[in-house]
Undergrad: 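Handing you a structure now.
Note that the coordinates shown come from a computational prediction; the quantities given were computed from them, not determined experimentally.
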Amino acid sequence: MSIDYGTEWFKVGLIKPGMPLDVALNKDSKRKTQSVVTIRHNERIYGGDAISLAGRFPHLTYSNLKSIIGKRYDDPLAEEFRRRYVNNMIVDNERDMPVFIHNETTQLSIEELIAYQFQNAKHQASVTAGEKVKDCVITVTPFANQFERQAILDAAELAGLNVLTLMHDETAVALNYAVNREIGKSAENHIFYDMGAGSTVASIVTFSNVETKDGKKTRSAPQLEVRGVGFDRTLGGHELDVRLQQLLATEFMKANGNRVSADIKSHSGAMTRLMKEANRVKQILSANTETMASIEGLHEGIDFKLKVTRAELENICKDLIARVRSPLQTALDAANMTVDDIQSVVLVGGGVRVPSVQKQLMDLVGAQKIAKNVNADEAAVLGAAFRGASLSNQFRLSKQISIKDVTLFPVEVTYKPENKGKEAKTAVDTTIFDKFDNIGTRKIMTFNRVNDFEFDLSYGKNSAAGVDGIAKVKISGLTEAMKKHKDDIKASEIPPKVRISIELSNSGLVSVPEATLQIGKLTFKEKVKSFFGGKDSKDTDAEKKDEEAKQNNETANAAGAADTKNNTAAEEAKESVSITKVPLTIEFIPTGLAPLSEKDKDIAKKRIAELDALDTRKKLREESRNALETFVYKVQDFLYNDVVELVASESDIEKFRERLSEVSDWIYDEGEHADTPVFTTKLKELQLIEQPIQHRVKEYGERDNNIKLVDSTLKLARDFVANINELAEDLRYHTEEELDGLLTAAENLEHWMAEKVAAQKKLANTEDPVLVTSSVVDKAQTVKEHLMKLMTKKKPKVPKKTPEVPKNDTEEETEGSKNQQETASESSEIPIATSDDHEHDEL
């Protein structure tokens with residue numbers, strides 16, 4: 001499955017063997033679901049149902065969570081959230097991040113609230129697939145930093161999902177674009193301009209066919225490569241909704257200020273309803289120049305109506321509209337391209353439907369280059385699902401497309417060089433991953449060290465990542481290893497080296513998966529090609545700043561150890577006599593923001609399990625209530641059946657109707673608060689009354705058919721015996737005992753049936769019948785099985801006699817041999833159906 005998780009909506013994609021790639025529907029049969037959850041009375045309510053409750057319970061309804069995931073409490077976006085929403089947000093002092101006080105006993109993290117929505121997405125996929133689904137690809141914005149990505153992964157873990165990879169939104173759209181089109185011989189450049197509810201991103205993607213080796217063969221395969229990205233974190237459709245909401249609130253107060261006791265802006269329920277109406281009005285104004293905003297009983301019982309024009313909306317949002325071009329121009333500059341290098345600008349996201357947004361883009365690139373040939377809502381989720389299929393062993397795709405995606409923020413390593421066991425006072429830093437380097441890459445740093453040490457990973461200065469620090473990395477076990485292998489070190493011609501692997505995963509997360517001490521007589525000859533994703537080879541450690549590090553007599557360099565999928569990094573030519581690799585201990589300590597701790601995860605998982613159990617109980621209760629309600633209505637109609645009046649007394653029917661009426665009234669009164677066992681008990685009580693009546697109705701209707709069944713069975717058995725008896729004696733191969741046995745079974749059935757029919761005639765229709773279908777079928781089946789055994793009996797093989805050849809040369813036949821041949825010929829034609837000719841029914 002895939003999840004395209006947005007600020008206002010999320011979509012769920014699904015691909016399954018034997019099932020085409022498509023979007024999974026929610027319980028309302030919609031292809032997208034609002035990214036909202038309401039938690040009331042320990043019940044989680046999602047999507048449209050949550051939106052409906054938001055006006056009444058705004059403090060229990062959580063929306064727009066994507067904007068504050070992985071953010072500090074004092075982040076401008078978190079502050080803006082507190083101004084717009086009434087949820088009780090406080091700071092988590094241990095993490096310096098927002099959490100919500102839901103009630104007196106419950107504190108909810110952003111990750112847990114998003115996990116609830118991921119669970120809903122998982123349920124949608126599982127219902128569509130008809131089985132449990134947990135493997136997924138989740139889309140994220142390309143400007144998401146380490147902690148925002150980790151928060152999404154933590155939320156997925158809480159939801160019980162196995163994330164194959166995170167994927168950038170626009171890259172997913174580009175993949176969907178490539179899947180549905182043939183890539184020509186010459187490279188094409190397309191811009192994917194995505195304005196969602198919360199942010200705007202423009203990505204330039206180059207589509208080409210590249211030569212790849214498959215064993216000894218060389219083949220051409222399609223590739224998409226991200227060349228440049230521009231973004232605006234806060235430019236999105238939701239901001240337009242907020243501006244329009246504020247306009248409607250102001251106009252309401254202008255018209256009704258003297259009639260209300262409090263400003264509408266101080267009433268959270270009214271403002272929530274205004275936000276919903278603002279979104280509706282904005283959508284209408286995308287296709288019309290004016291419309292009416294209308295809400296009944298908006299505030300203090302006062303109805304509200306107002307005509308809104310497109311010009312008014314554009315006027316209050318003109319500063320936002322002015323920012324539309326910037327991401328696209330930034331992407332062009334990053335890729336070192338101009339508009340002339342671009343084949344088309346593909347519009348994605350709900351925000352691009354606003355006419356003034358489209359006009360800005362047309363003015364920049366020309367109307368002829370604006371393309372609307374992808375599904376703006378679903379391209380990302382479908383592309384992500386296709387990516388999941390390419391990563392899974394369950395699928396064999398006819399079209400394999402390689403992806404080269406990039407990081408938007410440079411990653412630096414900061415450390416203090418070491419000289420003869422002493423660290424320098426001044427730290428040096430070097431860039432290990434440049435801006436727009438490929439993700440899915442591993443690089444190696446080599447240190448000349450003798451003691452345990454540490455270094456810092458951080459985003460480059462002025463990176464716009466939202467945070468600076470990533471992690472402090474502590475390498476231990478080195479001091480002990482140096483002592484343990486001191487003899488080998490003395491015998492070595494070169495100093496021991498510490499090699500550190502630093503990885504930028506396909507999900508865009510920085511990690512340190514490996515650290516080793518290398519000892520031995522070793523001569524290195526390194527030739528580094530395309531060190532930083534195709535750039536010239538260069539040092540990324542102290543050798544890069546050789547002048548600063550010379551006095552410390554330490555060298556550290558980075559050799560790119562490429563992820564094969566990205567064709568990056570280095571080729572090493574080594575000549576070695578012997579080499580020993582000693583693994584070192586790595587401690588990766590996040591420094592920018594603290595991710596969800598294992599303790600907090602355990603608490604959240606326990607609460608999720610409890611809520612899941614409550615959901616299960618609620619589902620069972622609803623099913624038992626619905627079963628009882630359905631039964632009452634069905635039986636009330638059933639009692640008006642004409643046959644019921646024949647097999648049940650009028651007083652019994654009337655009493656049953658009264659009982660059904662009592663239960664029906666109870667369901668809508670006391671039953672509103674009843675539990676599953678009560679509904680189940682009442683259903684069983686009614687079924688005990690209904691079953692005898694239902695049984696008599698059924699047997700009354702089947703009585704004639706049962707008599708016909710017995711008659712036909714008897715006739716079939718007796719006809720079979722009669723046919724056998726008509727054959728010549730030498731053509732029969734059934735014994736007298738077998739035929740007599742069949743006739744006896746038939747007679748027994750006939751006598752039994754006669755007794756039952758006679759007994760049944762003595763009974764009133766309102767009494768329980770003695771001639772019942774199950775017994776008739778069993779008795780008749782005994783005769784049928786006996787008959788079938790005889791009908792399928794194989795005839796014995798008649799040995800063929802070879803005529804004697806006369807000793808003389810004449811070809812005369814004796815009269816006896818001729819008669820024998822004729823008899824053999826006759827015996828081969830027996831007019832009895834056998835298992836070979838399958839004509840039992842036509843006997």
Undergrad: What's the separation between atom CZ in F679 and atom CD1 in I667, rounded to the nearest 0.5 Å?
TA: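 Reported value, rounded in 0.5 Å steps: 7.0 Å.
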
Undergrad: First locate atom NZ of K708, then atom OG1 of T713, and finally report the distance between them rounded to the nearest 0.5 Å.
TA: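 Result: 14.0 Å between the selected atoms.
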
Undergrad: Mind running salt bridge (Lys or Arg N to Asp or Glu O under 4.0 Å) on K16 and D22 for me, showing each step along the way?
TA: CA-CA 10 Å; K16 174 186 174 181; D22 201 0; over 6 Å; no

Undergrad: Can you give me the closest heavy-atom contact between A155 and I114, atom names plus distance?
TA: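 Between these two residues, the closest heavy atoms are CB-CG2, 3.9 Å.
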
Undergrad: Rounded to the nearest 0.5 Å, what separation is found between the CG atom of D675 and the CZ atom of R625?
TA: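 One finds 13.0 Å between CG of D675 and CZ of R625.
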
Undergrad: Give, for atom CG of L175 and atom OG of S402, the distance between the pair rounded to the nearest 0.5 Å.
TA: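 These two atoms lie 10.0 Å from each other.
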
Undergrad: Kindly indicate whether the side chain of S126, heavy atoms from C-beta on, has any atom under 4.5 Å from the side chain of M1.
TA: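 No; the side chains remain at least 4.5 Å from each other.
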
Undergrad: Going through the checks in order, is the side chain to side chain donor-acceptor pair (under 3.5 Å) test met by T33 and N26?
TA: CA-CA 7 Å; T33 306; N26 62 21; 3.0 Å; yes

Undergrad: Would you call the rings of F207 and Y177 parallel, tilted or perpendicular, where under 30° means parallel and over 60° means perpendicular?
TA: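 Rings of F207 and Y177: tilted, 30 to 60°.
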
Undergrad: Would you say F656 and L686 make side-chain contact, with heavy atoms under 4.5 Å?
TA: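 Side-chain contact under 4.5 Å: yes.
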
Undergrad: So if I apply the side chain to side chain donor-acceptor pair (under 3.5 Å) rule between Q694 and each of K698, E690, Q691, which one comes out positive?
TA: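 Option passing the side chain to side chain donor-acceptor pair (under 3.5 Å) with Q694: E690.
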
Undergrad: Taking C-beta and beyond as the side chain, do F395 and P17 meet within less than 4.5 Å on heavy atoms?
TA: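 F395 reaches P17 side chain to side chain.
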
Undergrad: For the residue pair L660 and V632, what are the closest heavy atoms and their distance?
TA: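 Closest pair (atom of L660, atom of V632, distance): O-CG1, 3.8 Å.
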
Undergrad: Checking side chain to side chain donor-acceptor pair (under 3.5 Å) for the pair Q636/S664: CA distance, chi angles, key distance, verdict?
TA: CA-CA 10 Å; Q636 284 176 337; S664 179; 5.1 Å; no

Undergrad: Quick one: are T139 and V381 in side-chain contact, heavy atoms under 4.5 Å?
TA: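 Not in contact.
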
Undergrad: Closest approach of M167 and A384, non-hydrogen atoms and distance?
TA: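 Closest pair (atom of M167, atom of A384, distance): SD-CA, 4.0 Å.
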
Undergrad: When you measure from the side chain of K793 to the backbone N and O of Y733, does any donor-acceptor pair fall under 3.5 Å?
TA: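 The answer is yes, because a donor-acceptor pair under 3.5 Å joins these two groups.
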
Undergrad: Could you tell me the separation between the NZ atom of K779 and the CG atom of N706, rounded to the nearest 0.5 Å?
TA: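 If we round to the nearest 0.5 Å, K779:NZ and N706:CG are 14.0 Å apart.
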
Undergrad: Mind checking whether R31 and L25 have side chains closer than 4.5 Å, heavy atoms only?
TA: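 With C-beta onward as the side chain, the pair touches.
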
Undergrad: Quick check: closest heavy atoms across A746 and L714, and the distance to 0.1 Å?
TA: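 Here A746 and L714 meet closest at O-CD2, 3.0 Å.
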
Undergrad: Looking at side-chain heavy atoms only, is the closest gap between F10 and Q124 below 4.5 Å?
TA: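 Touching, per the 4.5 Å side-chain cut-off.
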
Undergrad: Considering all heavy atoms of both residues, which atom of L611 and which atom of Y116 are nearest to each other, and what is their separation?
TA: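 For L611 versus Y116, the nearest heavy atoms are CD1-OH, 3.5 Å.
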
Undergrad: Under 4.0 Å between a side-chain nitrogen and a carboxylate oxygen: does that hold for E378 and K32?
TA: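 Between K32 and E378 there is no salt bridge, as every charged N stays at least 4.0 Å from the carboxylate O atoms.
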
Undergrad: Between N209 and I183, what is the shortest heavy-atom contact and its length?
TA: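 Where N209 meets I183 most closely, the heavy atoms are ND2-O, 3.0 Å.
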
Undergrad: A side-chain contact here means heavy atoms from C-beta on lying under 4.5 Å apart; do F720 and L739 qualify?
TA: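 When only atoms from C-beta onward are counted, L739 and F720 do touch, with a gap below 4.5 Å.
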
Undergrad: Under the side-chain contact (heavy atoms from CB on, under 4.5 Å) rule, what do L628 and W666 come out as? Steps first, then yes or no, please.
TA: CA-CA 11 Å; L628 178 60; W666 175 87; 4.1 Å; yes

Undergrad: Does a side-chain heavy-atom distance below 4.5 Å link E654 with E650?
TA: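 Sidechains of E650 and E654: no contact.
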
